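Computed from a prediction, not measured in an experiment: that's the story for all the values here. The sequence lines fix the lettering, A, B, ..., with proteins before strands; numbering per chain opens at 1.
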Amino acid sequence: MSFEMWAEKYRPKTLDDMVNQKEIVERLKSFVRSKNVPHCIFAGPPGTGKTTAALCLSRDLYGDNYREYIMELNASDERGIDVVRETVKTFARVKPIGEVPFKIMILDEADNMTADAQQALRRTMERYTETCRFILCANYSGKIIEPIQSRCAPFRFTYLPREEQDKYLRYIAEKEGVILLDEGLDAIYEVCSGDLRRAINTLQAAASLGKPIDAKVVYSITGKANPADVKKLIEITLKGNFVEARKQLREMIQKYGVAGSDIIRQIHSEIFKADVSEPWKIKLAEIIGEIDYRLVEGADEEIQLSALLAKLIEVAYEVKGAKKV
Amino acid sequence: MPQPWTIKHKPTSLKEVVGNREAVQKLVEWVRSWDKDVPKHRAAFIYGPPGIGKTVTVEALAKDFNMELIEKNASDYRTEEAVRRIAGLASQYRSLFSAKRIILFDELDGLTGSADKGGVKAMVEVIQNARCPIVLIANNAYDPRFSILRNYCLLIEFKKPTISEVMRHLKNICLKEGIHTDENALKFIAQRSEGDIRSAVTDLQAVAEGKKNITYEDVSWLGFRDRQEVIFNVLRMIFYSKTCSGAKHAASMAEVDPDMLLEWIYENIPSHFQDPHELARALDAVAKADVYRGRIKRTQDWSFTRYMLDLMTAGVAMSRVSSKPSGWVPFHFPTRISALSKSKEERVMQMEIGRKIRRKCHISAARAAKEVLPYLRIIFKNNAKMAAGIAKWLDLTPEMIYYIAEDEAKTEEIKRLIGI
């Protein structure tokens, strides 16, 4: 067993190594052959190979010294306008020496950039197109402003199909000398459903227990690794136990730093699937909208969200009462 | 017998004096002016509320300027004769072989009644003839008894230091004492002291007695000690009041500030409102009070506080329609505040680890903290060898390893394997 992060160790190095996203990989290879790359948007869910594809493309294009020609910036960590203006400009304006006449800027989690920063980015992209090409990685391309989208070639990454994830995990397990049972694979697919990074992290954490990896091991790991599960929060709430629900909410916000807006977004999408009368759904949507707005205004996340949870309990109680009658 | 911290950590130089920069500057300039000639005012009259460092400032001044300080309390100069005895000392600036001299009449408020009348009169004479700086200290310089005295003195007002200035002072003391404290805990002490540094330091020592770690919970009972009942009664009256005015009145009895009272109410609602409709309404009222809290903060218009109070007291009380008090229900301390400051530290640590992961794993620090860290935790708890490999690969510090492993022995084992 090796002692680094497997998700990194087994990250493909070249486009040829990339076993999935076949169509995308083929198009990227044609860029390499022509030594020309347009601005790109790599959109798709996490763990589907967006960053990997960008890195592989760079390596194939520039060779082993590719690091000198690319820059990785993570929009989640530094998403202000100033960073885009300064860092990107400084990097983008100098033409590299070599047979490829441009550098590549990989902007990860670009959908987390503010609209203002994106506007600034758009001008920079235009101005330095000659010397620098941008690859924007994002979960939702919809959050990228239109003028940038129209300047980029879009690539849609999708979750890995079951067989490909299994193949990859089996390969790693064999290399690392870990016993991975079929039921373990089933369980990993169930909880990670095609998010390869998460799947590999799960595999490694499971392997660290030093036991053959079966379904039980996998579930015990994912339970611990996903304390911020909004579904579970809603479940507890609908059982009517407010004190327990608030405790869970508090832990999510304080210990795991889950954003109130993320919680509210998920509650919103669950409401319409819930077993609640139709008129109630729209009433709840209005309440959720009001609370979402309060959060934007800077109200206290926990107080506002627990008021919402109390409301959900009230509704659940009504629904139950109606059924009894 | 341990030394009181008010003495142990007394500022020894003007630099260390808390707040009152302008007043201190005025005093320093006046003392300096003595070097040229006898100034217009031969005495300075320092006044201001208790415990804000008036005496300490004069002592620090004497030390900084290397002057001989002659300090007299009210009991030393009750009578005319006593004051005249001091007069001799005041007749020369430089004592024969020693340093320059400064005379301090402290606690002037302590002079009482007619017996001291002569004392004040004599003091005026002393000042008129003084050849060295004289400083008078009182809480209220505008006391009628001092009316004549004032004419001969440079008046210097000392004001209450701000809460953050008091906090900084407390923090320094904690640092020197090797005590770890919550930011919130210090803030609470500082706020409670209302600018009285002496009482703040005394409170801090009382709470810190025998502890290496002070949490918000430790300090929250300060002043409530033996009076926990007060806040409980207030809550009971708010939760079970049948009228708006009853609930509002209860709030005015509470000694806690509105923010803190909101926390108490918010924390305790669920155990006192069990009917789902009433619970939802009560929390709705609190949430609206919180909205007003935000508006107050944004506009800095404190008059909005009344609506915040209305909603969190009367609004909560009126949520009750039918349910009755169900016997005795305990009240809980609002724990989330103490947890909040802890989690702030925690998030800083998580982000630091996240940045280490980012360097290696092409993923944002925020995302790494959220998505990768939980897996590392499992690995670090179960497999020291793998943990050591990863820790080395990521270049984690011992503190980070400990934070992830959450266990002393495991941390040691991992560190040993890495060889640090």
Side-chain angles (χ1 to χ4, degrees), chain A residues 1-5 7-8 11 46 51-52 55 72 74-77 106 108-109 112 197-198 201-202 204-210 221 224-228 240 242-243 246 250 253-258 291 294 297-300 302-304 306-311 313-318, chain B residues 262 266 269-271 276-277 279-291 293-295 297-298 335-336 339-340 342-344 346-347 350 354-355 357-358 360-367 369-372 374-383 385-390 392-394:
Chain A
M1 236 187 278
S2 65
F3 305 127
E4 56 200 285
M5 295 299 293
E8 214 42 49
R11 189 194 285 276
T51 311
T52 303
L55 292 170
E72 265 185 286
N74 203 303
S76 297
D77 290 338
I106 301 170
D108 234 331
E109 299 180 32
N112 281 333
R197 174 169 45 224
R198 206 160 142 213
N201 283 335
T202 306
Q204 184 169 17
S208 78
L209 302 183
I221 295 234
K224 280 181 205 136
N226 296 299
F242 177 77
V243 175
R246 182 168 76 172
R250 187 171 291 180
I253 294 175
Q254 295 196 345
K255 188 153 184 209
Y256 298 101
V258 183
I291 286 181
R294 289 182 190 170
E297 278 191 313
D300 185 282
E302 190 193 311
I303 292 182
Q304 296 300 335
S306 31
L308 176 58
L309 295 184
K311 197 76 199 167
I313 288 178
E314 188 184 13
V315 174
Y317 181 79
E318 290 256 297
Chain B
L262 179 68
Y266 167 66
I269 280 178
S271 31
H277 302 291
L279 175 72
R281 274 200 297 273
L283 278 163
D284 185 45
V286 168
K288 282 178 181 146
D290 172 53
V291 168
R293 174 158 69 172
R295 290 178 178 163
K297 225 183 266 167
R298 244 169 302 134
T335 45
R336 82 180 186 120
L340 215 63
K342 202 177 101 207
S343 67
K344 217 185 282 164
E346 235 185 296
R347 254 175 297 185
Q350 289 178 352
R355 277 191 282 275
I357 298 173
R358 174 178 70 179
K360 290 283 186 181
C361 297
H362 311 279
I363 172 174
S364 72
R367 188 115 147 229
K370 219 181 275 178
E371 290 179 15
V372 180
Y375 293 103
L376 288 185
R377 184 152 279 159
I378 295 166
I379 295 171
F380 277 48
K381 280 179 193 297
N382 290 300
N383 191 326
K385 240 173 150 178
M386 193 188 269
I390 291 173
K392 198 170 172 186
W393 183 65
L394 289 175

Portion of A/Asn201 that has a non-hydrogen atom of chain B nearer than 4.5 angstrom: both
Under 4.5 Å from a heavy atom of chain B, the part of A/Thr202 involved: both
Looking only at heavy atoms and a cut-off of under 4.5 Å, which of B/Val291, B/Val372, B/Leu394 has the most pairs with chain A? B/Val291
A side-chain contact here means heavy atoms from C-beta on lying under 4.5 Å apart; do B/Arg367 and A/Glu109 qualify? yes
Please step through side-chain contact (heavy atoms from CB on, under 4.5 Å) for the pair B/Tyr266 and A/Asp300, ending with a clear verdict. CA-CA 12 Å; B/Tyr266 167 66; A/Asp300 185 282; over 6 Å; no
Determine, stepwise, if the pair A/Ile303 / B/Arg293 fulfils side-chain contact (heavy atoms from CB on, under 4.5 Å). CA-CA 12 Å; A/Ile303 292 182; B/Arg293 174 158 69 172; 3.6 Å; yes
State, yes or no, whether a side-chain contact exists between B/Asp284 and A/Lys311 at a heavy-atom distance under 4.5 Å. no
Would the distance check show the side chain of A/Arg11 and the main-chain N or O of B/Cys361 forming a donor-acceptor pair, the cut-off being under 3.5 Å? yes
What closest approach, in Å, do B/Ile378 and A/Ser208 show between heavy atoms, and which atom pair accounts for it? O-OG, 4.0 Å
Contacting region of B/Arg355 [heavy-atom separation from chain A under 4.5 Å]: neither
A/Ile106, part contacting chain B, at a heavy-atom distance under 4.5 Å: neither
One option among B/Val286, B/Leu283, B/Leu376 has the most heavy-atom pairs under 4.5 Å with chain A, and it is B/Leu283
Can you tell me which of B/Ser364, B/Gly294, B/Gly389 forms the most heavy-atom pairs within a distance under 4.5 Å of chain A? B/Ser364
How long is the gap from CZ on B/Arg281 to CD on A/Glu314, to the nearest 0.5 Å? 7.0 Å
Residue among B/Ala285, B/Pro276, B/Pro270 with most heavy-atom pairs under 4.5 Å to chain A: B/Pro276
With the side chain counted from C-beta on, respond yes when B/His362 and A/Glu72 share a heavy-atom pair under 4.5 Å apart, and no when they do not. yes
Any idea which of A/Glu8, A/Met5, A/Arg294 has the most non-hydrogen atom pairs under 4.5 angstrom with chain B? A/Glu8
So what's closer than 4.5 Å to chain B heavy atoms on A/Thr51: side chain, backbone, both or neither? side chain
Given heavy-atom pairs under 4.5 angstrom as the criterion, report whether the side chain, backbone, both or neither of B/Lys385 touches chain A. both
Residue B/Ile357 versus chain A: region with a heavy atom under 4.5 Å: neither
Crowding at NZ, B/Lys392 (>12 non-hydrogen neighbours, <6.0 Å): no
Validation row: A/Gln204, B/Ile390 side chains within 4.5 angstrom (heavy atoms): yes
Between A/Glu4 and B/Lys360, is any pair of side-chain heavy atoms under 4.5 Å apart? no
